[in-house]
Each structure stands twice: as structure tokens, then as C-alpha cells.
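Have a look at the structure below before the remarks.
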Amino acid sequence: FWHERGIGTYTSINSVLKDDQSLQNEYADIRNIAARRNPYVQLILYPALVQGDGAAASIVRGIHALDVLGVDVIIVGRGGGSIEDLWEEEVARAIFACNTPVISAVGHQTDTTISDYVADLRAPTPSAAAELAVFDVQLVEKWLMDYGTQMRRQLELKLNQIASMA
């Protein structure tokens, strides 16, 4: 039952499947983390019911809708609620069938759900999922500066060698 698509290193369009109740706080956390790590990343929010009657169908619709959009990764997140609501076979099947990599981020660090087993990656919280999904652009900037410094040093060394031979 296990398969993994892999979360890309340089995601540019991430999507978040969230519930209406925890929407403001948790989405704000995800948005803030994403902006800190990479201000160029685009987030797409799909509000879904994640608890009670109709929750499973709402989550499945959201997974399908986001998968069709061609986003780089989907975070299925929820900030609390009953563990029983998270053991839905149809949600697990939708995650498993999804072409887009999925991070399961339920918000209960100690709980493990069926979605966690079929997702490509599990995060203990929606905020942790944002950290995993969005690369830190400052690292890339640092690598580029380091490579530039190394190239300059090598060029200066070569020029000095040529000058000393003349």
C-alpha cells in the first residue's frame, strides 16, 4: 500500500487543503512560514470540511480539485478534532491516487491516521508541513554567493599564474 512520489526541493506552487474552523490561525501560520522561507512561492487554499458529516467527501473533492490544477505539493492539514474523523478510506484512496505529492499534516503530533500511511510525507503539524514544502530561498542565495566567491578566487589564481609566467 506504500508508494512515494517525492516532495520537490524547489516547489513554487503549493496548495493547502484546510478546514473552515482553524482556517485563519493555521493558514496564517502556513502563509507566514512560506513567506519567510520563500517570498516568491504561491499558495492556493482550498477550504474543506474536515470533521463531521460530509467531511470525507469535501476532502476528496479538494484533493481532486488541487491535483487537476498542477500544483507542486498538496498539504492536507487540520488543526484538531476527533481522531475518528481522520480514518476515512475514501480520503486515503484519493491521496493514494493523487498525481501530486501530498503531505499529511493533521495537527496532532501523537496521532497517526490512515492518511499518514498513504501520503508521500507526514508532518506533525500544518506549520511543520509548510517548513517541509517550501524551500528556503536564502539557502540558494547563500550557495550562489559562495559559488561566486569560489569562481572569483579560481579566476584570480589562474590570472596570477599567467601573469607570473609572462
Side-chain angles (χ1 to χ4, degrees), residues 3-52 54-83 85-88 90-145:
H3 79 299
E4 186 174 311
R5 290 168 289 257
I7 307 301
T9 303
Y10 303 108
T11 60
S12 60
I13 303 174
N14 298 305
S15 55
V16 182
L17 183 66
K18 291 285 296 158
D19 66 307
D20 289 326
Q21 292 175 344
S22 67
L23 188 62
Q24 287 185 316
N25 291 340
E26 301 225 4
Y27 184 65
D29 289 346
I30 290 171
R31 190 179 60 239
N32 291 337
I33 289 166
R36 175 179 45 84
R37 293 180 64 82
N38 182 354
Y40 311 107
V41 74
Q42 179 183 358
L43 297 177
I44 298 171
L45 176 66
Y46 185 98
L49 295 173
V50 295
Q51 194 167 321
S58 179
I59 294 168
V60 169
R61 279 193 306 276
I63 291 168
H64 291 309
L66 294 170
D67 195 25
V68 169
L69 287 177
V71 298
D72 295 323
V73 65
I74 297 171
I75 298 172
V76 178
R78 185 179 96 168
S82 170
I83 186 75
D85 290 320
L86 303 171
W87 282 91
E88 294 288 344
E90 65 184 294
V91 172
R93 288 187 181 278
I95 291 171
F96 188 81
C98 189
N99 293 315
T100 306
V102 175
I103 300 175
S104 177
V106 174
H108 291 288
Q109 292 184 11
T110 57
D111 293 341
T112 302
T113 69
I114 193 169
S115 297
D116 294 336
Y117 290 115
V118 296
D120 300 286
L121 193 58
R122 180 194 184 275
T125 64
S127 295
E131 292 277 352
L132 294 167
V134 179
F135 74 96
D136 191 346
V137 75
Q138 292 174 355
L139 288 177
V140 175
E141 291 169 350
K142 183 186 178 317
W143 293 334
L144 291 173
M145 293 197 49

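Just so you know, residue 1 is the first one in the sequence shown, and it goes up from there.
- When every heavy atom of Gly77 is checked against every heavy atom of Pro126, the shortest pair comes out as CA-CG, 4.3 Å.
- Once rounded to the nearest 0.5 Å, the distance linking CG of Asp67 with OG1 of Thr100 reads 3.5 Å.
- In this structure, the separation between CD on Gln42 and CG on Asp72 is 9.5 Å, given to the nearest 0.5 Å.
- With rounding to the nearest 0.5 angstrom, the CG atom of Leu45 is 11.0 Å from the CD1 atom of Ile75.
- Taking OG1 of Thr113 as the reference point, atom CZ of Arg122 lies at 7.5 Å (rounded to 0.5 Å).
- Atoms CG and CD1, from Asp116 and Ile103 in turn, are 12.0 Å apart once rounded to the nearest 0.5 Å.
- Of the candidates Val76, Ile74, Val118, Asp120, Ile74 is the only one forming a side chain to side chain contact (heavy atoms under 4.5 Å, CB included) with Cys98.
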side-chain contact (heavy atoms from CB on, under 4.5 Å) assessment of Ile30 paired with Leu43: CA-CA 9 Å; Ile30 290 171; Leu43 297 177; 4.2 Å; yes
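- The heavy-atom pair separating Tyr46 from Gly62 by the smallest distance is CE2-CA, 3.3 Å.
- Looking at Val137 and Pro39, their side chains come closer than 4.5 Å, going by heavy atoms from C-beta outward.
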Residues 129-136, side-chain donor-acceptor partners within the protein, below 3.5 Å, at least two apart:
| residue | atom | partner | partner atom | Å |
| --- | --- | --- | --- | --- |
| Glu131 | OE1 | Arg37 | NH1 | 3.0 |
| Glu131 | OE2 | Arg36 | NH2 | 2.5 |
| Asp136 | OD1 | Gln138 | N | 3.1 |

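- Note that the NE2 atom of His64 and the CG atom of Leu69 stand 13.5 Å from one another [nearest 0.5 Å].
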